[in-house]
Structure formats: structure tokens, C-alpha cells
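Following: one structure in C-alpha cells, then a few remarks.
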Number of protein chains: 2
Amino acid sequence: MNQKPAIAEIVDLLSRKWVMRIIWELRATPLTFRQLQSACGDLSPTVLNNRLKLLREARLTTNNPSQGYELTDMGRGLLDVYKPLNEWAIAWQAARTAPP
Amino acid sequence: MNQKPAIAEIVDLLSRKWVMRIIWELRATPLTFRQLQSACGDLSPTVLNNRLKLLREARLTTNNPSQGYELTDMGRGLLDVYKPLNEWAIAWQAARTAPP
DNA sequence: TTGGGTTGCTACACATAGAGTAGCAAGGTG
DNA sequence: CACCTTGCTACTCTATGTGTAGCAACCCAA
């Protein structure tokens with residue numbers, strides 16, 4: 001019985017709304033549940049809790065009771081992978097704004 | 001009046017279900033609507049059409065009537081950016097399968 | 001010890017996004 | 001003309017996400 005490819009699995013996870021945003025908000029420092037909530041523009045606790053559950057299962061975040069939620073090493077690695085996306089995105093937006 | 005940051009905009013787009021998959025399926029060769037549909041496991045035309053509309057608006061794909069849908073240069077650039085994700089994903093899955 | 005403030009989280013009702021199926025109009029081919 | 005494929009729309013139903021209220025556990029000061 002085989003799993004689906006790793007890339008498919010992570011793409012599924014990252015395609016859930018708020019997942020990337022949550023990872024991004026944890027980039028610098030651990031945050032408590034409620035800090036995360038307001039960092040994401042008062043994201044509803046229903047969704048936040050659900051995403052945090054997924055992220056913990058994926059071992060991308062942990063919940064250190066004294067510090068709050070924080071990225072694991074894996075989580076930080078993912079963030080690194082996403083860095084080039086930012087540069088691409090800027091070029092993309094510029095090209096889009098330009099005339100056809 | 002300012003747009004939201006480029007990175008946020010592309011993350012929003014990529015967070016819609018099937019968007020990455022569609023880009024992926026177009027990686028090698030143009031596909032017709034129906035080829036794309038079956039490449040994505042008989043994705044419903046409702047969603048496929050909607051995603052293709054978004055992707056065309058984002059200038060990541062074009063619809064060449066004689067060849068079908070294909071990636072633009074921008075689209076192919078995005079695919080390049082995603083390549084490191086694949087390697088990360090494999091390491092991630094391995095670590096996840098391993099004991100805590 | 002009591003009142004206030006956190007904390008993480010659940011319950012529930014409502015809204016939007018996606019899935020599944022049918023089928024149409026346009027075009028090409030025999 | 002009959003028959004195929006094309007891209008796509010209409011429709012219904014389910015999954016996913018949103019918004020608000022509020023609870024139990026904890027800490028801290030009076």
C-alpha cells in the first residue's frame with residue numbers, strides 16, 4: 001500500500017487556506033494562539049485550530065506551552081524553500097501590471 | 001491605493017485547489033481542456049474552467065487554439081521556483097515516517 | 001478568596017468554494 | 001448527413017471556511 005508522492009502531499013497541505021500564512025507569521029518568533037489569530041487578521045479560531053492541528057501532525061510546528069507555537073526545523077526549512085518565490089512574485093506582478 | 005504584496009497575491013492563487021496540479025500537468029507539453037481534465041483525474045469541468053480563467057488572468061497559461069493550453073514563460077519560471085520544494089518534500093516525508 | 005485578566009479551544013449557524021453529472025453549441029471528418 | 005471531439009455552462013449537493021459566543025484552566029493582584 002503506497003502513499004501518494006511527497007510533493008503531492010505537501011502541495012495538498014499548502015493548498016489549504018491560511019497554511020502558508022501561518023507559517024509565515026511564525027517566521028521570526030513563537031506566537032501564542034491568540035497572537036497568531038490577530039497576526040492573521042483575526043482569523044477565526046475554528047480554522048486556526050484546525051490548521052495548527054494539521055501543521056503539528058506534519059511536524060512543521062510545535063506547541064511549546066511556555067513559548068507558544070513555533071516552527072520546527074522542518075518548518076523553517078520549508079520557509080527557506082519559499083524564499084525564491086518572493087523574488088519570482090515581484091517580477092510576476094511587475095510583468096502583470098505592464099501592458100500586454 | 002495599493003495592491004497587496006506580490007507574494008500574498010501569488011500565495012492566494014496557489015492556495016486554490018488544483019492550481020499547482022494544473023501547472024504541473026502542463027510542465028512538458030500543451031494539453032487540451034479535456035486532456036487536462038483527465039490528467040487531473042477527471043477534475044470537474046466547473047473547477048477546471050474556473051482555474052484556467054484565473055491562470056490566464058495571471059498570465060501563467062495561454063490558450064493557443066491549435067495546441068491547447070500551455071504555460072507562458074512566467075508559468076515555466078514558477079515551475080522552476082517550485083523545483084526545490086520537491087527535494088524538500090522528500091526529506092520531509094522521510095522524517096515524518098521516522099519515529100518521533 | 002475573589003475578581004479580573006489571560007490562555008487554548010469548542011459549538012453552532014451561516015456562507016462560499018468545490019464536486020459530480022448532464023448536456024449544449026461549434027467545429028472537424030467520414 | 002451522421003458522428004465525433006472540442007471548450008464550456010447549468011444544475012444540484014457536499015465539503016470547506018467564516019463569524020460569533022462562550023467555556024474551562026490557568027495566573028496574578030487585592
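Every chain is numbered from 1 and lettered A, B, ... according to where its sequence line falls, protein lines coming before strand lines.
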- request: I would like to know whether B:Val47 and B:Lys17 meet side-chain contact (heavy atoms from CB on, under 4.5 Å); could you show each step before the answer?
  value: CA-CA 9 Å; B:Val47 177; B:Lys17 218 167 172 180; 5.9 Å; no
task: Check step by step if side chain to side chain donor-acceptor pair (under 3.5 Å) holds for A:Asn64 and A:Ser66.
output: CA-CA 6 Å; A:Asn64 180 328; A:Ser66 64; 3.0 Å; yes
message: The test is salt bridge (Lys or Arg N to Asp or Glu O under 4.0 Å); show your working for B:Arg21 and B:Glu25 and say whether it passes.
response: CA-CA 6 Å; B:Arg21 173 71 176 270; B:Glu25 296 297 346; 2.8 Å; yes
query: Passes side-chain contact (heavy atoms from CB on, under 4.5 Å), A:Trp88 versus B:Val81? Steps please.
result: CA-CA 8 Å; A:Trp88 179 90; B:Val81 167; 3.7 Å; yes
task: Take B:Leu79 and B:Leu26 through the test side-chain contact (heavy atoms from CB on, under 4.5 Å) and record every step on the way to the result.
output: CA-CA 10 Å; B:Leu79 213 44; B:Leu26 293 175; over 6 Å; no
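Closest of all the heavy-atom pairs between B:Leu36 and B:Leu52 is CD1-CD2, 3.9 Å. B:Arg16 and B:Leu54 get closest at one heavy-atom pair: NH1-CD1, 4.0 Å. Minimum heavy-atom separation, B:Gln35 to B:Pro30: OE1-O, 4.4 Å. Between A:Lys4 and A:Glu9, the shortest heavy-atom distance links the atoms O-OE1, 3.8 Å. Summarising the geometry of B:Ile10 relative to A:Ala89, their closest heavy-atom pair is CG2-CB, 3.9 Å, with the distance given to 0.1 Å.
Within residues 62-74 of chain A, the residues having any heavy atom under 4.0 Å from DNA chain C are, by residue number, A:Tyr69. For DNA chain C, the residues of residues 34-50 of chain A within the heavy-atom distance limit of 4.0 Å (strictly under) are A:Arg34, A:Pro45, A:Thr46, A:Asn49, sorted by number. Less than 4.0 Å separates DNA chain D from at least one heavy atom of each of the following residues of residues 16-26 of chain A: A:Arg16, A:Lys17, A:Trp18.
Looking at B:Thr61, its side chain never comes within 3.5 Å of a backbone N or O of B:Glu70 through a donor-acceptor pair. Panel note: side chain A:Arg27, backbone A:Leu71; no donor-acceptor pair is recorded below 3.5 Å.
Contacts between chain A and DNA chain D, taken as any atom within less than 4.0 angstrom of a protein heavy atom, begin and end at D:dT16 to D:dA21.
Interatomic distance, CG of A:Leu43 versus CG of A:Asn49, reported as 10.5 Å (0.5 Å rounding). Rounding to the nearest 0.5 Å places OG of A:Ser38 at 11.5 Å from CZ of A:Phe33.
B:Ala58 is linked by a side-chain contact (heavy atoms from CB on, under 4.5 Å) to A:Trp92, A:Arg96, B:Leu13, B:Leu60, counting only residues two or more places apart in sequence or in another chain.
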Is there any protein nitrogen or oxygen under 3.5 Å from a nitrogen or oxygen in nucleotides 28-30 of chain C, and what are the pairs?
none

